[in-house]
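Note that this is a predicted model, so its numbers are computed, not measured.
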Amino acid sequence: MPELPETETIARDLHAAIVGARIVAAQVLRPDVVRGVTAAGCARRLHRRTLQRVWRRAKSVVLSCDDALHAVVTPRFTGALILGAPDVADAYACIRLTLADDRELRYTDVRRLGTFAVFDSAALHAWSDALGPEPLDPAFTAERLSECLRGTKRAVKAVLMDQKRLAGVGNIYANESLWRAGIRPARRAASLTRHECAMLHHELTGVLREAIAARGTSFRDYRDAFGARGSYAAQLQAYGRGGQPCTRCGRVLKISHAIDGRATVWCAGCQR
DNA sequence: AGGGGAACCCGTACGC
DNA sequence: TGCGTACGGGTTCCCC
């Protein structure tokens, strides 16, 4: 379940490792992960391109080639972008990009709920424009967060995870930031005070930065571009700790699926 | 506007 | 050992 810190880790590593690399062969083995073009179109368009920039938007890794061609990779639960020697034994390989130096960039995904979209510049902008602001953008202030939370009756946790309102935050970091800020996940987003918005902004950006520093959370499936795990799971205070004592006040953490049907963990003792 | 449910996937866990 | 079934989890889409 790669969210912002995990996809950021993948994008940074890949950018450092493959900018300038030329794709000499593109093979689509699992057409059902392809979006935006047909499987044949995906292979044809990526063939003979050179990778110019690898970056992140929301929970997706963007491989930008020359001629304004972009592959937007969204790993969801079990997807991974793996860079290394060609691995013909990978039964879950969906797309293989062979690079001129004989390395392979492979999109592999056991459950195939992840997607590999190929966009031109116009489609890329249309996709990006439909997403909310990036929480780690310097322009994303507490006031901007307050605007994201305004004008809705929904629970604050559901709004944090709404990609149209705020990009890149999923279940793990929504739970963590609300625990850190001492705010109950079920609170109406619009009910947060100015002070609470400032607290939440501080904790949300803080947890995302710390998770990037730890190379992400490998709770179950997440692997980076070299197949390694991230280490932030050891620092989680809420996510995955339902039924265990709160590390701040000692009360047993609650767990429920009442918000958007997803696991929400919180402390009834110190989250208000 | 927003809540509910289905669909998309298949490995894992569990019941019998 | 093996077979059948429930489950998970973000997003999209459809219905209410």
Return the nearest nucleotide to the side chain of [X]; candidates are [options].
X         : options                  : result
Arg154(A) : dG8(C), dG2(B), dG10(C)  : dG2(B)
Lys153(A) : dC8(B), dG2(B), dC10(B)  : dG2(B)
Thr152(A) : dT11(C), dG2(B), dC10(B) : dG2(B)

Rounded to whole angstrom units, what separation is found between the [atom1] atom of [X] and the [atom2] atom of [N]?
X         : N       : atom1 : atom2 : value
His257(A) : dG8(C)  : NE2   : C1'   : 9 Å
Asp260(A) : dC13(C) : CG    : P     : 17 Å
Leu113(A) : dT11(C) : CG    : P     : 12 Å
Trp127(A) : dT12(C) : CH2   : P     : 11 Å
Asp221(A) : dG10(C) : CG    : C1'   : 13 Å
Asp162(A) : dT12(C) : CG    : P     : 10 Å
Arg262(A) : dC7(C)  : CZ    : P     : 17 Å
Phe77(A)  : dT12(B) : CZ    : P     : 16 Å

Where is the tightest heavy-atom contact between Arg241(A) and Cys246(A), given as atom of each residue plus distance?
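Result for this residue pair: NH1-CA, 4.4 Å.
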Compare every heavy atom of Val207(A) with every heavy atom of Ser177(A), then report the nearest pair and how far apart it is.
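Heavy atoms of Ser177(A) and Val207(A) come nearest at CB-CG1, 4.3 Å.
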Indicate, with a heavy-atom threshold strictly under 4.0 Å, whether [X] touches base, sugar-phosphate, or nothing.
X         : answer
Asn171(A) : sugar-phosphate
Tyr92(A)  : sugar-phosphate
Asp109(A) : nothing

Here's one to test your reading of the geometry: is the NZ or CZ of Arg248(A) within 45 degrees of the ring axis of Trp179(A) and under 6.0 Å from its centre?
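Judged by the rule (NZ or CZ under 6.0 Å from the ring centre, within 45° of its axis), Arg248(A) counts as positioned above Trp179(A).
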Between Ala158(A) and Val110(A), just flag the one whose closest nucleotide in DNA chain B comes earlier from the 5' side.
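Closest to the 5' end, via its nearest nucleotide, is Ala158(A).
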Pick the closest DNA chain B nucleotide for Gly151(A) and for Arg220(A) by heavy atoms, then say which residue is nearer the 5' end.
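Of the two residues, Gly151(A) wins.
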Can you check side-chain hydrogen bond (donor to acceptor under 3.5 Å, both in side chains) on Tyr239(A) and Thr217(A), steps first, answer last?
CA-CA 11 Å; Tyr239(A) 184 85; Thr217(A) 300; over 6 Å; no
Trace of the side-chain hydrogen bond (donor to acceptor under 3.5 Å, both in side chains) decision for Arg56(A) with Ser60(A)
CA-CA 6 Å; Arg56(A) 179 195 61 75; Ser60(A) 300; over 6 Å; no
Quick check on DNA chain C: between Lys164(A) and Arg111(A), whose nearest nucleotide comes earlier from the 5' end?
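Result of the comparison: Arg111(A).
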For the side chain of Arg76(A) and the base of dG9(C), is some donor closer than 3.5 Å to an acceptor across the two?
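Such a pair does not exist between side chain and base.
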